[in-house]
Amino acid sequence: MAKEITPRATDYARWYTDVVLKSQLADYSPVKGCMVIRPNGYALWENIQKTLDGMFKETGHVNAYFPLFIPKSFLAKEAEHVEGFAKECAIVTHTRLKATGESGHMSVVPDPESALEEELVVRPTSETIIYSMFAKWVQSWRDLPILLNQWANIVRWEMRTRLFLRTTEFLWQEGHTAHATHEEAEEEVLRILEIYRRFAEDYLALPVLTGVKTEKEKFAGALRTYAIEALMQDGRALQAGTSHDLGQNFARAFDVRFQAASGGWEHVWNTSWGVSTRLIGAVVMAHGDDDGLILPPRIAPLQAVIVPIWRNDEQQRETVAAAREIEGRLRRAGVSVRVDDRDSVNPGFKYAEWELRGVPLRLELGPRDVASGSVMAVSRLDRSKTPLPWDGLGESVPALLEAIQGALFERARQRREETTRGVDSWEAFVAGVESGGFLLARHCGGTECEVQIQDETKATVRVIPPDRPDDPGPCVRCGAPAAGRVVFARAY
RNA sequence: CGGGGCGUGGCGCAGCCUGGUAGCGCACCUGUUUUGGGAGCAGGUGGUCGCCGGUUCAAAUCCGGCCGCCCCGACCA
């Protein structure tokens with residue numbers, strides 16, 4: 001049929017692209033590297049936003065909005081930050097176009113008269129512009145902490161892009177805070193990391209490892225970067241969220257100072273943290289199958305679809321009426337549900353279409369079910385069927401949805417457990433990288449050695465686990481003494 | 001930036017080598033029979049063949065130039 005999806009086993013990358021396009025999460029745009037997030041995809045993002053936004057607000061954060069354009073000079077103020085982002089900034093040089101050419105061959109070019117005195121960078125991230133404002137707003141220790149978040153779009157001119165996982169423009173949230181002490185900032189960074197972990201696991205059903213990034217992998221300008229790392233079905237890791245302890249690096253660059261209770265002037269301690277629309281890609285890759293998306297019920301825009309089935313006009317009236325009645329009950333029970341009563345396609349087509357879109361639960365309602373006062377619930381996970389009596393649907397359906405949520409997480413967790421293992425020799429390491437998954441290996445901590453490993457195997461240190469047990473031994477690559485193990489994998 | 005592939009109805013492709021009425025599948029429209037796993041039959045709509053130029057009586061096809069996109073690598077959430 002027209003909706004064929006490349007099987008995962010044939011070509012995982014193509015499978016991913018097929019699923020994203022065919023389930024109508026997104027489409028390619030006329031501009032290279034950019035994508036259109038279609039209603040199916042945007043609804044997912046809205047659910048992600050709603051939940052995370054609530055978690056941020058519960059922990060005292062407030063939303064604000066800073067401009068898209070940043071003075072070019074700002075990017076140069078923090079040494080490591082320039083290094084990290086200079087190569088991928090879009091830059092605005094003119095403020096208007098002018099028409100050229102003759103009729104029939106008209107074109108537009110930047111009007112040389114309108115060249116900007118100071119060119120503007122389209123934000124690749126907002127530390128610089130936000131901390132320039134903090135400098136203005138902070139005077140006293142009483143002004144701290146500042147706990148801000150913004151929902152925004154940003155632009156990073158990457159060389160190679162992939163739907164949701166890496167696009168030129170993407171949507172994200174970026175939290176930015178300022179604190180009086182390093183301890184307080186570090187607490188904040190860990191609080192957010194925990195929010196990310198909880199969100200990934202409890203809502204996206206994505207088991208994640210948390211930990212610290214190495215010097216090589218940390219955010220440009222940070223003292224230290226924490227991250228959550230998820231594992232995709234093909235055995236590659238995906239960084240799903242980061243939380244940075246920025247120390248006083250930006251505070252010094254932008255002169256964000258406050259007068260302490262003791263009277264002296266001190267620089268603030270900043271943190272920044274973010275997750276992006278990449279999370280949608282993570283959900284697709286972690287849970288989907290050869291029939292399409294599988295969405296975790298807690299963030300699925302549509303949790304259940306009711307498919308009435310009929311053979312004649314009378315049955316059609318009967319089953320559709322019953323479907324509407326059930327739809328009403330489920331809505332009152334807080335379930336996101338709709339009836340698919342289209343007469344233009346047959347039930348089999350509807351099954352395939354809703355499976356492609358990842359709706360967790362299908363409720364089939366034919367004459368037999370109407371006669372018995374029940375519906376046939378079919379799980380998107382494994383197509384297992386459960387007949388449910390109409391009485392009690394307000395409880396049985398939410399219970400089934402929760403069961404699917406749990407099973408989805410458990411399945412992903414098992415996949416990770418099965419492909420997470422310790423390796424001690426370089427041979428085992430190389431072979432392990434090839435077969436995918438997380439490798440627990442000793443590493444000396446040297447950046448050069450880490451680069452060497454990446455060059456040779458494409459694997460990188462994903463995280464250094466927190467509170468890792470002492471497990472001294474030789475570095476898996478260079479043999480130098482290592483205190484313990486870190487997590488390696490090939491990553492997206 | 002390096003390597004590979006591709007631009008032909010909405011989508012996926014054939015035709016190009018060897019120039020001569022633009023074709024197939026899906027989708028779409030109409031009718032009809034269907035409807036518990038992607039329906040059958042009949043009839044239909046829709047294309048300046050990526051763009052510019054050249055050769056020729058004649059170009060989707062041959063030649064030159066340009067543009068764009070996708071995939072693989074280095075950079076990255």
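Reckoned from all heavy atoms, side chains included, excluding hydrogens, waters and symmetry mates. Since we're looking at a predicted model, the values are computed, not measured. Just so we're on the same page: letters track the sequence lines, and every chain starts at 1.
Residue A:Pro347 has its side chain nearest to B:rG36 when only B:rG36, B:rC75, B:rU34 are considered. For A:Val378, counting side-chain heavy atoms from C-beta on, the closest listed nucleotide (B:rG38, B:rG37, B:rU35) is B:rG37. Of the listed nucleotides (B:rG38, B:rG36, B:rU35), B:rG38 has the atom at the smallest distance from the side chain of A:Ala352. Which of B:rG37, B:rC76, B:rU35 sits closest to the side chain of A:Arg166 comes down to B:rC76.
Residue side chain A:Asp369 reaches the base of B:rG36 through a donor-acceptor N/O pair under 3.5 Å, judged by distance alone. Taking 3.5 Å as the limit, the base of B:rG38 and the side chain of A:Glu353 contain no donor-acceptor pair of atoms between them.
Distance CD (A:Glu217) to C1' (B:rC76): 10 Å, rounded to an integer number of Å. Protein atom NZ of A:Lys213 is 12 Å distant from nucleotide atom P of B:rC76, rounded to whole Å. In this structure, CG of A:Asn346 is placed 16 Å from C1' of B:rC41, rounded to the nearest angstrom. A:Tyr492 places its OH atom 17 Å from the P atom of B:rC75, with the value rounded to the nearest Å. Whole-Å rounding puts the A:Glu318 CD to B:rU35 P distance at 16 Å. Atom CG in A:Leu21 sits roughly 10 Å away from atom P in B:rC71 (whole-Å rounding). Distance CG (A:Asp11) to P (B:rG4): 20 Å, rounded to an integer number of Å. A straight line from OH of A:Tyr351 to C1' of B:rG37 spans 7 Å, rounded to a whole angstrom.
Put simply, the side chain of A:Arg411 gets close to the backbone of A:His287: a donor and an acceptor are under 3.5 Å apart. Under a 3.5 Å cut-off, the side chain of A:Thr167 and the backbone N or O of A:Leu163 do not form any donor-acceptor pair.
Nucleic acid contact for A:Thr460: none, since no nucleic acid atom lies under 4.0 Å from a heavy atom of the residue. The residue A:Arg342 sits apart from the nucleic acid: no heavy atom pair falls under 4.0 Å. Among the protein residues, A:Asp343 comes within range of the nucleic acid bases, having at least one heavy atom under 4.0 Å from a base atom. Residue contacts shown for A:Leu238 are absent, as no nucleic acid heavy atom lies under 4.0 Å away. Within the 4.0 angstrom heavy-atom criterion, base atoms lie near A:Arg383. Heavy atoms of A:Gln316 sit nowhere under 4.0 angstrom from any nucleic acid atom. Within 4.0 Å of A:Glu158, counting heavy atoms only, lies at least one base atom of the nucleic acid. A:Arg14 comes within 4.0 angstrom of no nucleic acid atom, judged by non-hydrogen atoms across all strands. At a threshold of 4.0 angstrom between heavy atoms, the contacts of A:Thr242 with the nucleic acid are absent.
Considering only residues two or more places apart in sequence or on other chains, A:His81 meets the ring pair (Phe, Tyr, Trp, His ring centres under 6.0 Å) condition with A:Phe85, A:Phe219, A:Phe250. Every ring pair (Phe, Tyr, Trp, His ring centres under 6.0 Å) that A:Phe74 has, sequence neighbours left out, goes to A:Phe254.
Two residues, A:Arg162 and A:Phe170, neighbour RNA chain B, and the one matched to the more 5' nucleotide by heavy-atom proximity is A:Arg162. Nearest-nucleotide assignment on RNA chain B puts the 5′-proximal partner with A:Lys350, out of A:Thr161 and A:Lys350.
Taking atom P in both B:rC16 and B:rG54, one finds a spacing of 26 Å when rounded to whole Å. Using C1' as the reference atom, B:rU8 and B:rC49 are 4 Å apart when rounded to the nearest Å. Between B:rC11 and B:rC6, the two C1' atoms lie 15 Å apart (nearest whole Å). Distance noted for atom P between B:rA27 and B:rC41: 12 Å (whole Å). Here, B:rG5 and B:rG40 have their C1' atoms 39 Å apart, quoted to the whole Å. With P as the reference atom, B:rC52 and B:rA42 are 41 Å apart, rounded to whole Å. Atom C1' of B:rG53 sits at a distance of 13 Å from the matching atom of B:rA59, rounded to the whole Å. Here the separation of B:rU55 from B:rG4, taken at their C1' atoms, is 31 Å to the nearest Å.
Here the side chains of A:Met376 and A:Arg368 are not in contact, with every heavy-atom distance at 4.5 Å or above. Residues A:Arg156 and A:Thr125 are in side-chain contact: their nearest non-hydrogen atoms beyond the backbone lie under 4.5 Å apart.
Nearest heavy atoms, A:Ala407 versus A:Leu381: CB-CD1, 3.4 Å.
The phosphate of B:rC76 (OP1 or OP2) has no side-chain N or O of A:Arg156 nearer than 4.0 angstrom. Taking side-chain N and O atoms only, A:Tyr28 has a distance below 4.0 Å to OP1 or OP2 of B:rC71.
When each of A:Asp291, A:Asp234, A:Asp290 is checked for a salt bridge (Lys or Arg N to Asp or Glu O under 4.0 Å) with A:Arg8, only A:Asp290 meets the rule.
Counting non-hydrogen atoms of other residues, nucleotides and ligands closer than 6.0 Å to CH2 of A:Trp151 gives a total above 12.
Geometrically, A:Arg477 does not engage A:Phe429 in a cation-pi contact, judged by NZ or CZ lying under 6.0 Å from the ring centre and within 45° of the ring axis.
For RNA chain B, runs of at least 3 consecutive pairs of the Watson-Crick or G-U wobble type, with both hydrogen-bonding distances under 3.5 angstrom, map to B:1-7 with B:67-73, B:10-13 with B:23-26, B:28-33 with B:39-44, B:50-54 with B:62-66.
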